[in-house]
2 protein chains.
Amino acid sequence: MAKQTVTAEDVAKRAGVSRAVVSRALSSNGSISPATKERVLRAAQELGYQVNFLAQGLNRQRSHLIGVIVARIADPFRSRLLEELLHEIQRRGYQALVTEISGEQDLVATLRRFTQFRVSGVIVTSGQPPQAIVNECVNLHIPVVGINRDPDIPLVDFVCSDNRAGAQLAAEQLLSAGCRRFGWLNTHGSTWAGRRRGEAFSQALEDGGVDTAQQLQIIMAHEEGYAGGWQAALAHDAELPDGIFCANAQLACGFLDGMRQRGKQAPHDFHLIGFDNTPQSGQFSYQLTTLHQNTTEIAHRALTRLLERAKNPLQPSHVEWVKVELIHRHTSPRIG
Amino acid sequence: MAKQTVTAEDVAKRAGVSRAVVSRALSSNGSISPATKERVLRAAQELGYQVNFLAQGLNRQRSHLIGVIVARIADPFRSRLLEELLHEIQRRGYQALVTEISGEQDLVATLRRFTQFRVSGVIVTSGQPPQAIVNECVNLHIPVVGINRDPDIPLVDFVCSDNRAGAQLAAEQLLSAGCRRFGWLNTHGSTWAGRRRGEAFSQALEDGGVDTAQQLQIIMAHEEGYAGGWQAALAHDAELPDGIFCANAQLACGFLDGMRQRGKQAPHDFHLIGFDNTPQSGQFSYQLTTLHQNTTEIAHRALTRLLERAKNPLQPSHVEWVKVELIHRHTSPRIG
DNA sequence: TTGAAAGCGATACCAC
DNA sequence: GTGGTATCGCTTTCAA
């Protein structure tokens, strides 16, 4: 039976050099003559040598791992974001550690586990990490980046879609389409991003001369996603607003279908604008007008911030706002 | 400035014992008196000691990591499967390493990277790993489990939905609904699972007395997912079959919408049965009759197989077929 | 440029 | 039951 694994020692022997030289040859770290370097590389090649990342990480006090914290991956927007993050992480030569959480205590446990693997960084797409655990990360010089989170943690960077600008675009679109009575659809226990969109929408309407006390109806779904939107539509008993803005795409699709069930169609009976631009919102049966979140850009910037902070762990917190775009579709068509 | 990390050494000092005892206290491996054990545990608690998984893994030759290989996570079925896998991996005390691949060479590189982290196992949900790299895993005693892959690799276990049974259920449903001319909708370059469903469907029709040479139309989309189904519907110029079975849900939803666009409705103009039972297929606008894949069960069994093989690396390959269920909805209603 | 040697942090075997 | 010690595989000073 062959030896299980080939180590740097083996390569060294074969190349007739010491372990130290092998390390240099592979990490191009420290000086080495081109000739021996090639000799080592060939030996490594021939033996099929692979660095043991556990040993390497132990020594360097840092692994090539990046932790990603997510929730409800089955949600189309979140899975798209995860996909982009994985892509970006791999592109930069790291390996992703992914954990799905369902509450704040999971968050703490996960963050701690990540530190135990000496990750090079952590990306949080769900939950709001308590200061205490963040400090543990900071002490270990592990950068933490939040995506679409409330950007109020010192020494943590944030990348967020520009919810405020998105809400303004929505308000302008609805106003110029001639809507007069407005609705804001969100779920109870919404994320920070959702609430921000609602506040900014209200603000933008006021700026546009709308008396929001009278003309803005708040519709709160009792459940997340499509099912929440559907039920909100079925349960809706006030007068139907003619311009509705919705915290996310899933909710909006559910609402649209619920209203169809009741015989109400957009844009005939009401206008509807969603957020996220999930694949479904562009499909024939929905054609939802929506704000587009640029997940590619978000992922790209998140990694950039992460590596930036790795170099300079104590720099002040950065917050980046990623541009959103209004996609005009059927539920609130472009004007003029 | 405090010391960056607290090690077993520190705990040992504080508890007035040796490193060895600390290790025993935490791993409950080797004998130790209850009294000292508690003393050590308290010391560890007080210092906030966390095991360094890199060091632990290096020594044990095995990390608490499990690698997962995925593709196109944004697809609703795949993201659901990933979600269940993560859940199951975490439930069993492991940490998931996730990599998204887009081709076979990515697969090899990824598998190799996983071995470099000395993972406890690998789950492959996309691609077909070449024998050579699988051997590397086997040599390192790293179990490999494939999900919905062609189960033909020695020393690798497989968990698959029972595609054959699903196709039979679909055929029976369409036959008993009175369909006479059949269609099979798939994409070019489909997965093994997709092709299996097609073969089994054809077989089941023949067993039901259908002359498939004459009465089974093969429809091949040029693209995956919703867009592929949509285009296949628009491009379809032969006579429309009255009973269509489709390789997956996304394709089916696209086809449904494409046909709507052309003024054809299910179940009035044709029956349609999909596979996967994604959330979308149950929504108001689709109401797709479909086979349900039990992802919870699949994930559960995959992990069970993984840990089973870890104990006994050279046992013969196991293949498990997970039961599928026909969900009767609008596009091919239940008979009688 | 190269090699010897001291860690990195934890585990497990072997004496006591 | 407990402590010393070799070991896991690699990196990185420090001399030569």
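Reckoned from all heavy atoms, side chains included, excluding hydrogens, waters and symmetry mates. Below, chains carry the letters A, B, ... as their sequence lines are ordered, and counting in each starts from 1.
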Item to check | Polar side-chain contact B:Arg118-D:dG9 base: donor and acceptor under 3.5 Å | outcome: no

Item to check | Heavy-atom side-chain proximity of B:Val70 to B:Leu85 below 4.5 angstrom | outcome: no

Item to check | Nearest-angstrom distance from the residue atom NZ of A:Lys37 to C1' of C:dG3 | outcome: 19 Å

Checklist outcome for this item: Considering only heavy side-chain atoms of B:Thr7, the closest of C:dA4, C:dA10, D:dT11 is C:dA10

Next on the checklist: Whole angstroms only, please: what is the CG-C1' distance between B:Leu26 and C:dG9?
Outcome noted: 13 Å

Checklist entry - Should B:Gln61 be listed as having a side-chain N or O under 4.0 Å from OP1 or OP2 of D:dG9? => result yes

Checklist entry - Rounded to whole angstrom units, what separation is found between the CG atom of B:Asp10 and the C1' atom of C:dC8? => result 13 Å

Checklist entry - Which is true for A:Ser33 with a 4.0 Å heavy-atom rule: it touches a base, it touches only sugar-phosphate, or it touches nothing? => result sugar-phosphate

Checklist entry - Rounded to whole angstroms, how far apart are CZ on A:Arg39 and P on C:dT1? => result 14 Å

Checklist entry - Reckon A:Val22 touches a base, only the sugar-phosphate, or nothing at all at heavy-atom distances under 4.0 Å? => result nothing

Checklist entry - Which listed nucleotide (C:dT2, C:dG9, D:dT2) is nearest to the side chain of B:Val21? => result D:dT2

Checklist entry - Within the pair B:Gln56 and C:dT11, is there a side-chain N or O less than 4.0 Å away from OP1 or OP2? => result yes

Item to check | N or O in side chain of A:Asn52 less than 4.0 angstrom from D:dC8 OP1/OP2 | outcome: no

Checklist entry - Considering only side-chain heavy atoms of A:Ala8, which listed nucleotide, D:dT11, D:dG4, D:dC10, is closest? => result D:dC10

Next on the checklist: Distance check needed: D:dG9 P versus A:Leu47 CG, whole Å only.
Outcome noted: 15 Å

Item to check | Of the listed nucleotides D:dG9, D:dC10, C:dA10, the one nearest the side chain of A:Leu58 | outcome: D:dG9

Item to check | Closest to the B:Ala20 side chain, choosing from D:dC10, C:dA12, C:dA10 | outcome: C:dA12

Checklist entry - Charged N to carboxylate O below 4.0 Å: is that the case for A:Glu84 and A:Arg80? => result no

Checklist entry - Given B:Val119, which of B:Leu140, B:Leu97, B:Ile66, B:Val68 fulfils the side chain to side chain contact (heavy atoms under 4.5 Å, CB included) condition? => result B:Leu97

Next on the checklist: Just the rounded figure in Å: distance from P of C:dC8 to CZ of A:Arg19.
Outcome noted: 16 Å

Next on the checklist: For D:dG9 and A:Thr5 - does any side-chain N or O of the residue sit under 4.0 Å from the phosphate oxygens OP1/OP2?
Outcome noted: yes

Checklist entry - Within the structure, does a side-chain N or O atom of A:Ser31 lie under 4.0 Å from either OP1 or OP2 of C:dT1? => result yes

Checklist entry - Roughly, in whole Å, what's the span from CZ in B:Phe117 to C1' in D:dC10? => result 14 Å

Checklist entry - Which whole-number value in Å describes the distance from A:Arg24 CZ to D:dT12 P? => result 10 Å

Next on the checklist: Which nucleotide wins on minimum distance to the side chain of A:Asn59, given the candidates D:dG1, C:dT1, C:dG7?
Outcome noted: C:dG7

Item to check | Contact under 4.0 Å: A:Thr36 side-chain N or O vs C:dT2 OP1/OP2 | outcome: yes

Checklist entry - Looking at B:Arg72 and B:Glu224, does any basic side-chain N land under 4.0 Å from a carboxylate oxygen? => result yes

Checklist entry - Taking side chain as C-beta onward, heavy atoms only, is A:Thr304 less than 4.5 Å from A:Val159? => result no

Item to check | Chi angles and distances behind the side-chain hydrogen bond (donor to acceptor under 3.5 Å, both in side chains) call for B:Thr99, A:Gln95 | outcome: CA-CA 7 Å; B:Thr99 297; A:Gln95 167 64 57; 3.1 Å; yes

Next on the checklist: Mind checking if B:Phe53 touches a base, just sugar-phosphate, or nothing, with heavy atoms under 4.0 Å?
Outcome noted: nothing

